[in-house]
Structures are given as structure tokens and as C-alpha cells.
Amino acid sequence: MRILFVHQNFPGQFLHLAPALAARGHEVLALTAEDNNRPSPVKVMKYRNPDPVGPDRRAGRMYAEACARGYRAARAARQMRDGLGFVPDVIFGHSGWGETLFLKEVWPEARLLVYAELMYRTEGLDTGFDAEFGVNDLEARVSTVARSAHLVQAMVHADAALSPTRFQADTFPPELRAKITVCHDGVDTARLCPDPAAEVTLAGHSFRAGDEVITFVNRTLEPYRGYHIFMRALPEVLAARPQAHVLIIGAEGQSYGAAPPEGSWKQRFLEEVQGRLDLSRVHFLGRVPYETYMAVLRVGRVHAYLTYPFVLSWSLIEAMSMGAMVLGSDTGPVREVLRHGENGRLVDFFDTAAWSREMIAALADPAACAPLRAAARQTALAYGSELCLPRLIAFVEGAGRSDGGAVPGR
């Protein structure tokens, strides 16, 4: 088969799937944005980035940007067809940025599959969830509905779709949900395994598995992933546990939601608590190599994971795969994976005092947490690449057809 992946930041969610399909003898290409320089496991073609859309578009800005990106992707696709004679049997693209919107106009004979990561909604998801950073007024609700327009269009044009979790699939309207197959991207559970002999030296300190270490991981340190709640909980924890250290992985910047009025979210919330915090025991590591990331999670005695009702991070499954004692926010995406008292503990997202208490308790009694760690590992095995990757391959090779090996919803 000829298979084309489309993702402005390829390989993205297709990191394992694309090379696996190539290894099975398929001709696999990827179409990505011109400024994406991430290493690719397959041959890459690039489209020109669209010109910026002016801020005066307001509610229609997101759709205008998606259309502009979709048009550039379609122009590149036409060059692939006319210049290279490339006609894919299957196109599998992320629907989030508009790249798939017009590909059927170039390749009407191809089966179009989309990665349906999330549909924005005005109730029950991130919009209005955290009143500290905005209100769910009419303007916000209109903006949220407008942001969904290109996602609906992408789903209507698609022959089939895939979501990594049931929570994310259920954000789409019932009329479109029937197109969606649920299968996680998969994590390498063989590599991401517990290691009781783990150790790592960072910021002039050596840490070993079993030490009093709290871990926290974000792509960027921001409210969507609960950085503000975590930082506010730390003073009480470090006061109660004088030997504890905190290892924080994540860059300054903003990936989701609004940017801070000034500076960075990291600095804003650090300044809020620094007079009550022993900063010699709080280590901001920034972005780290993957081996270091694994070592940090393996030495941790407790791992805190918070998120708005939004996309579930790979890092939660990866932490569980390495046998972490996870304290997770009691929000929809986390509840799908983490069961309170069985394979971790759930904490109300906004209850700072409860986060402090739970972290103190987990640090104080690691033996009591051992069964939860073991159960977390077992849960993660169900999301392992050795199980998920064959299902994903079947989904693509069957072109999303239910009679062609499509993945049953979990």
C-alpha cells in the first residue's frame, strides 16, 4: 500500500506507527510543515507555512488559520501527485490544524483517516474549568464553538477516525462518534519498566530509587497541567518532610491556553510561594534527554500528575509503566486510567491542601504504596506498544473499515 501521514509536527502521534508500517513493506511518506525539523523515521515532504491571520478575525480566526494551512497542504499534495506520481491508498492525518481539510480534492480515490484528538466544547472540558484564568462568558463560549468548526469539517470528510482514549473520543458529537475507533498510541512498556536500582545525579545531588523524591512533568509549566496547584501545595510538603526533594521537568513557555500577562507561568507561581519554599530542594530541570526523564520518574517516591479535562499526556501512562506512585487529578481523562485506591490516588484538582496531605502521606509510607505501584504497572501494560501497535496497523491497513481489521473501541 501507499500510505501518507499528515502532521504539522510529524512524527507526533505516529512515531511508532509510521516506521512499523514501512517495515511491513508499505511505501510510507509524511507531509509536514516546512519548519518542522524533528527527526523522521520515514521520507518527508514539506508544505509552506501559511501567512499569519490577522487578529481582527476574532471568532473566525481559528477556522481561517486551519483553511490556510489546509490549502498549503493541498498544494503540496498536488505537487506530489503531478510531479512524483504519488497517489496514496490511505491518508492518515491529524485533524487539529486543518491539514486534512482539502486532501480529498487532490486524491479523491484515497481513504482518508483522521486522528481525532479532541473536540472543543463549552461545557465539561477546559473552557471555564479554572475560573482563576478566565470566565465562561458568552465571548468565550462563542470562541470555543468557532474553534471546533474545522474539526467538524475534517470529521465529515473523513472515512474513519481514531482517538487515543474513550474520554477524548466522547468529546465529539454523537453524530460523528460512530466514525471513531479508540486505540491508544502505545508506550514502550518493555523499556519503560520499574528499576529498583535506578539513580540519577542532577543539580549537584544524587538520587536513588526509594529516596524522598517528588516528581512532576509537563511539556511546559502552565495552568492547563496544574503547575500552579502543584507549586502551591509544595510549601507544606517540604516543611513536613525535611529530607524531601522535588524534581520538575518542563520548559518555560506556553503550550495550551492563554499566555501569562507578563513573564512566564513558571516564574509567576514560583514567585508566589518562594518565600515559603526551601528552593535548595526544588530542582527545575527544564527539558531533559529521554534517558534522564526515565531516571527521574524511576527514582521518584511519588509522582504528581494534574490536567484540566483535556488531552491525556503520554507521561501519565509512562510513569505508571515505570511503577510510579501516581497522585492524579480527579478529572475525566485521568479517571479513565487511574482508579482511586487501586493503582494510584485521585485528588480534587483545586484542593491544594489535599495535594499537600496526599504527597506527605505517600512520602511517609512507601510500603503502603507498593501495591498501588504494582497495579499501576499492570494497568500500563494494557497501553503497551506490543498490544496497541498491531491494532493501529490493522486500522491503517484496513483503511478504517470495520471489516478490515479496525480496532474495537476500548
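We use all heavy atoms of the structure for the numbers below, so side chains are in, but hydrogens, waters and symmetry mates are not. Everything numeric here is computed off the predicted structure, so don't read it as measured data.
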Asker: Quick one: sort the Phe5 and Phe14 rings into parallel, tilted or perpendicular, breaks at 30° and 60°.
Answerer: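 Rings of Phe5 and Phe14: tilted, 30 to 60°.
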
Asker: Is it the case that more than 12 heavy atoms not belonging to Phe86 sit under 6.0 Å from its CZ atom?
Answerer: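 Check passes, neighbour count above 12.
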
Asker: Between Met320 and His303, is the side chain to side chain contact (heavy atoms under 4.5 Å, CB included) condition met? List the steps.
Answerer: CA-CA 9 Å; Met320 295 173 71; His303 177 68; over 6 Å; no

Asker: Would you say Asp188's side chain and Gly384's backbone share a donor-acceptor pair under 3.5 angstrom?
Answerer: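 Not at all, since once roles are kept as given, no pair shorter than 3.5 Å links the two residues.
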
Asker: Counting C-beta onward and ignoring hydrogens, is there a side-chain heavy-atom pair between Leu113 and Phe395 closer than 4.5 Å?
Answerer: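 Heavy-atom side-chain distance check passes, below 4.5 Å.
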
Asker: At their closest point, which heavy atom of Thr220 faces which heavy atom of Glu252, and how far apart are they?
Answerer: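 It is CG2-O, 4.2 Å.
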
Asker: For Leu118 and Gln168, which heavy atoms make the closest approach, and how far apart are they?
Answerer: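 Heavy atoms only, the tightest pair is CD1-CG, 4.3 Å.
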
Asker: Quick one: closest heavy-atom pair of Leu103 and Ala77, and the distance?
Answerer: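 Shortest heavy-atom contact: CD2-CB, 3.9 Å.
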
Asker: As an exercise, state the distance from OH of Tyr293 to CE of Met322, rounded to the nearest 0.5 Å.
Answerer: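 Rounded to the nearest 0.5 Å, the OH-CE separation comes to 5.0 Å.
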
Asker: Is there a donor-acceptor contact under 3.5 Å from the side chain of Asp365 to the main chain of Ala361?
Answerer: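 Here the side-chain-to-backbone pair does not exist.
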
Asker: Under 6.0 Å from the ring centre and within 45 degrees of the ring axis: does the NZ or CZ of Lys266 meet both conditions for the six-membered ring of Phe284?
Answerer: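 Yes, cation above the ring, under 6.0 Å and within 45°.
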
Asker: Is the ring pair Tyr308/Phe349 parallel, tilted or perpendicular, if the boundaries are 30 and 60 degrees?
Answerer: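 Rings of Tyr308 and Phe349: perpendicular, over 60°.
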
Asker: Would you check if the side chain of Ser95 reaches a backbone N or O of Val114 as a donor-acceptor pair within less than 3.5 Å?
Answerer: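 Judged by distance alone, no pair lies under 3.5 Å.
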
Asker: Any chance you could measure Leu363, atom CG, to His245, atom NE2, to the nearest 0.5 Å?
Answerer: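 Taking CG in Leu363 and NE2 in His245, the distance rounds to 11.5 Å.
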
Asker: Can you give me the closest heavy-atom contact between Glu386 and Thr189, atom names plus distance?
Answerer: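 Scanning both residues completely, I find the closest heavy atoms to be OE2-OG1, 2.9 Å.
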
Asker: Give a yes or no on whether a salt bridge exists between Arg166 and Glu336, defined as a side-chain N under 4.0 angstrom from a carboxylate O.
Answerer: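 Result for this pair is no, no salt bridge flagged.
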
Asker: Check whether Arg301 reaches the backbone of Val213 with its side chain - one donor and one acceptor, N or O, closer than 3.5 Å.
Answerer: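 No; judged by distance alone, with no hydrogens or angles, the pair does not exist.
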
Asker: Under 4.0 Å between a Lys/Arg side-chain N and an Asp/Glu carboxylate O for Arg208 and Asp211?
Answerer: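 Result for this pair is no, no salt bridge flagged.
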
Asker: We want to know whether Arg147 and Tyr120 form a side-chain donor-acceptor pair, criterion being a heavy-atom distance below 3.5 angstrom.
Answerer: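 Indeed, the side chains of Arg147 and Tyr120 share at least one donor-acceptor pair under 3.5 Å.
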
Asker: Hey, is the main chain of Ala375 close enough, under 3.5 Å, to the side chain of Thr379 for a donor-acceptor pair?
Answerer: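 Confirmed, Thr379 side chain pairs with Ala375 backbone.
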
Asker: Less than 4.5 Å apart, any side-chain heavy atom of Pro88 and any of Val90?
Answerer: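 No, their side chains stay 4.5 Å or more apart.
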
Asker: Taking His340 for its side chain and Leu346 for its backbone only, find out whether a donor-acceptor pair lies under 3.5 Å.
Answerer: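 Such a contact is found between His340 side chain and Leu346 backbone.
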
Asker: With side chains defined as the heavy atoms from C-beta onward, is the minimum distance between Tyr47 and Gln8 less than 4.5 Å?
Answerer: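 A side-chain contact exists here, since the closest heavy-atom pair is under 4.5 Å.
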
Asker: Determine whether more than 12 heavy atoms belonging to other residues, nucleotides or ligands lie under 6.0 Å from atom CZ of Arg38.
Answerer: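 For Arg38, atom CZ is crowded (more than 12 foreign heavy atoms under 6.0 Å).
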
Asker: Inspect the contact between Arg191 and Glu291 and indicate whether a charged nitrogen and a carboxylate oxygen are less than 4.0 angstrom apart.
Answerer: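 Salt bridge between Glu291 and Arg191, a charged N being under 4.0 Å from a carboxylate O: yes.
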
Asker: Taking Asp330 first and then Arg335, would you say they form a salt bridge - that is, a charged N and a carboxylate O separated by under 4.0 Å?
Answerer: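 Judged by the 4.0 Å cut-off on N to carboxylate O distance, Asp330 and Arg335 do form a salt bridge.
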
Asker: Can you tell if the side chain of Trp265 reaches within under 4.5 Å of the side chain of Phe133, non-hydrogen atoms only?
Answerer: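 Yes, close enough: below the 4.5 Å cut-off.
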
Asker: Could you go through Leu234 and Val246, starting from their C-alpha distance and side-chain angles, then the distance that decides it, and tell me whether this counts as side chain to side chain contact (heavy atoms under 4.5 Å, CB included)?
Answerer: CA-CA 9 Å; Leu234 284 184; Val246 184; 3.9 Å; yes

Asker: Please say which of Lys179, Lys104, Arg401 ends up in a salt bridge (charged side-chain N to carboxylate O under 4.0 Å, His left out) with Asp159.
Answerer: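 The passing option is Lys104.
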
Asker: Where do Arg232 and Glu132 land on the salt bridge (Lys or Arg N to Asp or Glu O under 4.0 Å) test, with the steps shown first?
Answerer: CA-CA 14 Å; Arg232 290 165 179 169; Glu132 183 176 351; 2.6 Å; yes

Asker: Answer yes or no: is there an ion pair linking Glu123 with Arg141, defined by an N-O contact shorter than 4.0 Å?
Answerer: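 Counted as a salt bridge, because a side-chain N and a carboxylate O are separated by less than 4.0 Å.
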
Asker: Decide, yes or no, whether a salt bridge links Arg24 with Glu397 under the criterion of side-chain N to carboxylate O below 4.0 Å.
Answerer: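 Counted as a salt bridge, because a side-chain N and a carboxylate O are separated by less than 4.0 Å.
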
Asker: What verdict does the side chain to side chain contact (heavy atoms under 4.5 Å, CB included) test give for Thr32 and Asn9, after you've listed the backbone C-alpha separation in whole Å, the side-chain angles of each residue and the deciding distance to 0.1 Å?
Answerer: CA-CA 6 Å; Thr32 191; Asn9 199 30; 5.8 Å; no

Asker: Would you call Arg81-Glu109 a salt bridge at under 4.0 Å N-O?
Answerer: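 Yes.
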
Asker: Please check: side-chain N/O of Thr127 versus main-chain N/O of Thr122, any donor-acceptor pairing under 3.5 Å?
Answerer: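 No; judged by distance alone, with no hydrogens or angles, the pair does not exist.
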
Asker: Tell me if a side-chain donor or acceptor on Ser329 pairs with a main-chain N or O of Thr307 at a distance below 3.5 Å.
Answerer: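 Yes; judged by distance alone, with no hydrogens or angles, the pair exists.
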
Asker: Given side chains that start at C-beta, do those of Ser255 and Tyr224 come closer than 4.5 Å, heavy atoms only?
Answerer: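 A side-chain contact under 4.5 Å is absent here.
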
Asker: For Gly250, does its backbone N or O pair with a side-chain atom of Arg219 as donor and acceptor, under 3.5 Å?
Answerer: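 No: the side chain of Arg219 does not pair with the backbone of Gly250.
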
Asker: I'd like to know if Glu65 and Arg69 make a salt bridge, using a cut-off of under 4.0 Å between side-chain N and carboxylate O.
Answerer: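 A salt bridge is absent here (no side-chain N lies under 4.0 Å from a carboxylate O).
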
Asker: Classify the side-chain pair Gln13/His7 by whether it contains a donor and acceptor separated by less than 3.5 Å.
Answerer: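 Per modelled atom types, Gln13 and His7 side chains form a pair under 3.5 Å.
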
Asker: Validate the cation-pi geometry between Arg177 and Phe172: distance from NZ or CZ to the six-membered ring centre under 6.0 Å, angle to the ring axis within 45°.
Answerer: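 Because its charged atom misses either the 6.0 Å distance or the 45° angle limit, Arg177 does not stack over Phe172.
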
Asker: Quick one: CG on Leu221 to CG on Leu270, what's the gap to the nearest 0.5 Å?
Answerer: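 Going from CG on Leu221 over to CG on Leu270, the span is 10.0 Å.
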
Asker: Side-chain contact test, heavy atoms from C-beta onward, threshold under 4.5 Å: evaluate it for Pro173 versus Met119 and give yes or no.
Answerer: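 A side-chain contact under 4.5 Å exists here.
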
Asker: Kindly give the heavy-atom pair with the smallest separation between Glu222 and Gln254, and that separation in Å.
Answerer: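 In this case the closest contact between Glu222 and Gln254 is OE1-CA, 3.5 Å.
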
Asker: Fit a plane to each ring of Phe269 and Tyr227, take the angle between them on a 0 to 90° scale, and name the class: parallel (under 30°), tilted (30 to 60°) or perpendicular (over 60°).
Answerer: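 It falls in the perpendicular class, over 60°.
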
Asker: Checking Tyr115 side chain against Gly96 main chain: does a donor-acceptor pair fall under 3.5 Å?
Answerer: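 The answer is no, because no donor-acceptor pair under 3.5 Å joins these two groups.
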
Asker: Apply side chain to side chain contact (heavy atoms under 4.5 Å, CB included) to Leu247 and Ile214, showing your working.
Answerer: CA-CA 6 Å; Leu247 301 180; Ile214 303 166; over 6 Å; no

Asker: Output the distance between atom CG (Leu327) and atom CZ (Phe230), rounded to the nearest 0.5 Å.
Answerer: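 Answer for the CG-CZ pair, Leu327 versus Phe230, is 10.0 Å.
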
Asker: Decide yes or no on ring-ring contact (aromatic ring centres under 6.0 Å, His included) for Trp97 and His150, but give the supporting numbers first.
Answerer: CA-CA 8 Å; Trp97 298 278; His150 76 282; 9.0 Å; no

Asker: Specify the closest pair of heavy atoms between Phe350 and Ile229, including all atoms of both residues, with the distance to one decimal.
Answerer: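 So the two residues come closest at CA-CD1, 4.2 Å.
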
Asker: Test of understanding: with side chain to side chain contact (heavy atoms under 4.5 Å, CB included), list the residues that count as partners of Glu262, not counting sequence neighbours.
Answerer: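 Listed in chain order: nothing, the list is empty.
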
Asker: Just wondering, do Phe129 and Pro309 contact through their side chains at under 4.5 Å, heavy atoms?
Answerer: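 Counting from C-beta outward, Pro309 and Phe129 do come under 4.5 Å.
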
Asker: Please evaluate residues Tyr383 and His184 with respect to the criterion ring-ring contact (aromatic ring centres under 6.0 Å, His included), reporting the C-alpha separation (whole Å), side-chain torsions for both, the decisive distance (0.1 Å), and the verdict.
Answerer: CA-CA 6 Å; Tyr383 294 83; His184 196 265; 5.3 Å; yes

Asker: Decide, yes or no, whether a salt bridge links Glu34 with Lys46 under the criterion of side-chain N to carboxylate O below 4.0 Å.
Answerer: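 No, this pair does not count.
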
Asker: Under 4.5 Å between any side-chain heavy atoms of Val296 and Phe216, yes or no?
Answerer: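 Val296 vs Phe216: side chains apart.
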
